[in-house]
Amino acid sequence: MPENPKGILYLVATPIGNQADFSFRAVAVLQGVDFIACEDTRHSRPLLERYGIIKPLTALHEHNEDTASSKLLDRLEQGESMALISDAGTPLINDPGFPLVRLATERGLRVVPVPGACALVAALSASGLPAARFAFEGFPPRTSSARRALLESLADDARTLIFYESSHRVLDFLKDIAQVFPPQRQVVVARELTKLHETILRCKVSAAVSYVEADPNMEKGEFVVLLEGASAQKTKEELTSEQGRVLALLLEECSVKTAAALTAKITGARKELAYQAALRMADKKN
Ligand code: SAM
């Protein structure tokens with residue numbers, strides 16, 4: 001914390017579950033600023049008070065951030081300092097703050113990040129999936145057709161894919177993944193990170209739905225879902241998402257052998273590859 005923090009906008013990460021993840025620096029910065037903007041003052045006040053942070057709080061959420069941001073930054077220009085926090089984790093990561101930060105940079109104000117917990121980074125680091133290149137997609141769309149369209153557009157992406165998902169949609173999302181992604185692709189479901197019931201499920205796409213269905217607890221809490229990217233070698237060994245889709249449709253009408261042969265004819269997939277995939281799909285149905 002600078003001795004004279006005037007005119008600075010701090011972006012301060014708060015814990016995503018385990019309160020011990022609140023950093024010393026985060027607490028010191030929050031104790032030092034003139035005021036704190038948060039999503040919901042009723043949610044943040046108890047956490048802040050527990051750490052001796054007694055500051056004026058102002059609400060900044062998705063419904064007022066376009067209009068309120070400018071007024072908050074006026075106060076910084078008059079010499080005050082402020083911190084932005086979210087309900088949990090890092091501000092702006094699927095949370096409010098983007099208009100505020102963009103405007104602050106446009107006005108030439110100093111923006112200082114105070115890093116800490118972030119669910120996508122925590123999940124990625126523990127997933128066992130490659131972390132060198134990844135794509136964070138936030139929350140998938142709410143309808144299955146839009147979700148599948150998104151997944152299809154990502155099926156050949158070589159990067160690790162990361163999604164946030166809510167407890168009441170996680171099973172449907174995994175079902176859509178199983179429809180679109182090759183069955184051998186690795187999926188990781190990271191639940192309740194840093195909390196008492198933290199669970200990290202690592203399995204093949206083809207097995208995820210049954211694992212989650214078998215354990216009622218797997219549909220409770222907060223989730224990050226990660227998908228292994230398509231590696232060049234793997235894409236050669238697997239059907240593409242489009243080939244898989246054609247095969248699945250044909251399997252509804254024909255035998256494994258005929259569906260595989262027709263898929264190979266229609267899409268140019270290797271016959272043996274289509275046959276192996278058809279066997280796995282038929283197996284999953286039974
Ligand atoms: N800003 C937050 C961050 O830095 O991760 C994310 C906020 S977003 C509104 C909330 C979503 O993040 C949840 O629905 C869930 O998908 C994910 N999430 C947050 N905390 C989590 C946790 N402890 N375990 C797993 N996922 C979590």
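We count ligands from 1, going down the list as the structure has it; atoms in each ligand are counted the same way.
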Quiz item: Nearest protein heavy atom to atom 15 (C) of ligand 1, by residue and atom, and its distance?
Solution: F223 O, 3.4 Å

Quiz item: Considering only heavy atoms, does K195 approach ligand 1 within less than 4.0 Å through its side chain, its backbone, both, or neither?
Solution: side chain

Practice problem: Check whether the side chains of T263 and R245 place a donor and an acceptor atom closer than 3.5 Å, and report yes or no. | Solution: no

Quiz item: Any N/O of D95 closer than 3.5 Å to an N/O of ligand 1?
Solution: yes

Practice problem: Could you tell me whether R45 and D40 have a side-chain N and a carboxylate O separated by less than 4.0 Å? | Solution: no

Quiz item: With only distance considered, is L193 within less than 3.5 Å of ligand 1 through an N or O on each side?
Solution: yes

Quiz prompt | Which atom of G116 lies closest to which atom of A13, heavy atoms considered | solution = N-CB, 3.4 Å

Practice problem: Please confirm whether T90 comes within less than 3.5 Å of ligand 1 when only nitrogen or oxygen atoms on both sides are compared. | Solution: yes

Self-check item: Test: E192 and K220 ion pair at under 4.0 Å
Solution: no

Quiz item: Hey, quick one: are L92 and M82 part of the same hydrophobic cluster, counting side-chain heavy atoms closer than 4.5 Å, chains of contacts allowed?
Solution: yes

Practice problem: Answer yes if V209 and L226 sit in the same cluster of Ile, Leu, Val, Met, Phe, Trp and Tyr residues linked by side chain heavy atoms under 4.5 Å apart, and no otherwise. | Solution: no

Quiz item: Tell me: protein heavy atom nearest atom 3 (C) of ligand 1, and distance?
Solution: Y164 OH, 3.6 Å

Quiz prompt | I16 N/O to ligand 1 N/O under 3.5 Å | solution = yes

Quiz item: Are E80 and R75 ion-paired here, with the side-chain N under 4.0 Å from a carboxylate O?
Solution: yes

Quiz item: Which atoms from ligand 1 have a heavy atom of N94 less than 4.0 Å away?
Solution: 7 (C), 8 (S), 9 (C)

Quiz item: Considering only heavy atoms of E165, which atoms of ligand 1 have at least one such atom less than 4.0 Å away?
Solution: 16 (O)

Quiz item: With only distance considered, is I93 within less than 3.5 Å of ligand 1 through an N or O on each side?
Solution: yes

Quiz prompt | Any donor-acceptor N or O pair under 3.5 Å, side chains N18, T194 | solution = no

Exercise. Provide, to 0.1 Å, the distance between atom 18 (N) of ligand 1 and the closest protein heavy atom, together with that atom's residue and name.
Key: A119 CB, 3.5 Å

Quiz item: Does A88 reach ligand 1 with a nitrogen or oxygen that is under 3.5 Å from one of the ligand's nitrogen or oxygen atoms?
Solution: yes

Quiz item: Would you say T194 contacts ligand 1, with heavy atoms under 4.0 Å as the rule?
Solution: no

Self-check item: Identity and separation of the nearest protein heavy atom to atom 20 (N) of ligand 1
Solution: E222 OE1, 3.4 Å

Self-check item: For G89, atoms of ligand 1 separated by under 4.0 Å from a heavy atom
Solution: 3 (C), 4 (O)

Quiz item: If you measure from each non-hydrogen atom of F139 to ligand 1, which part falls under 4.0 Å: side chain, backbone, both or neither?
Solution: side chain

Quiz item: Hey, mind stepping through R191 and E222 against salt bridge (charged side-chain N to carboxylate O under 4.0 Å, His left out) and telling me if it holds?
Solution: CA-CA 6 Å; R191 168 180 170 259; E222 297 192 281; over 6 Å; no

Quiz item: Does an N or O from C118, backbone or side chain, lie closer than 3.5 Å to an N or O of ligand 1?
Solution: no

Quiz item: Judging by distance only, is a nitrogen or oxygen of L120 under 3.5 angstrom from one on ligand 1?
Solution: no

Quiz item: Less than 6.0 Å separating the ring centroids of F163 and F139?
Solution: no

Self-check item: Part of S86 with heavy atoms under 4.0 Å of ligand 1, whether side chain, backbone, both or neither
Solution: neither

Exercise. Applying salt bridge (charged side-chain N to carboxylate O under 4.0 Å, His left out), run through D157 and R133 and close with a yes or a no.
Key: CA-CA 11 Å; D157 197 315; R133 295 181 66 215; 5.7 Å; no

Quiz item: So, for F136 and Y164, is the gap between ring centers shorter than 6.0 Å?
Solution: yes

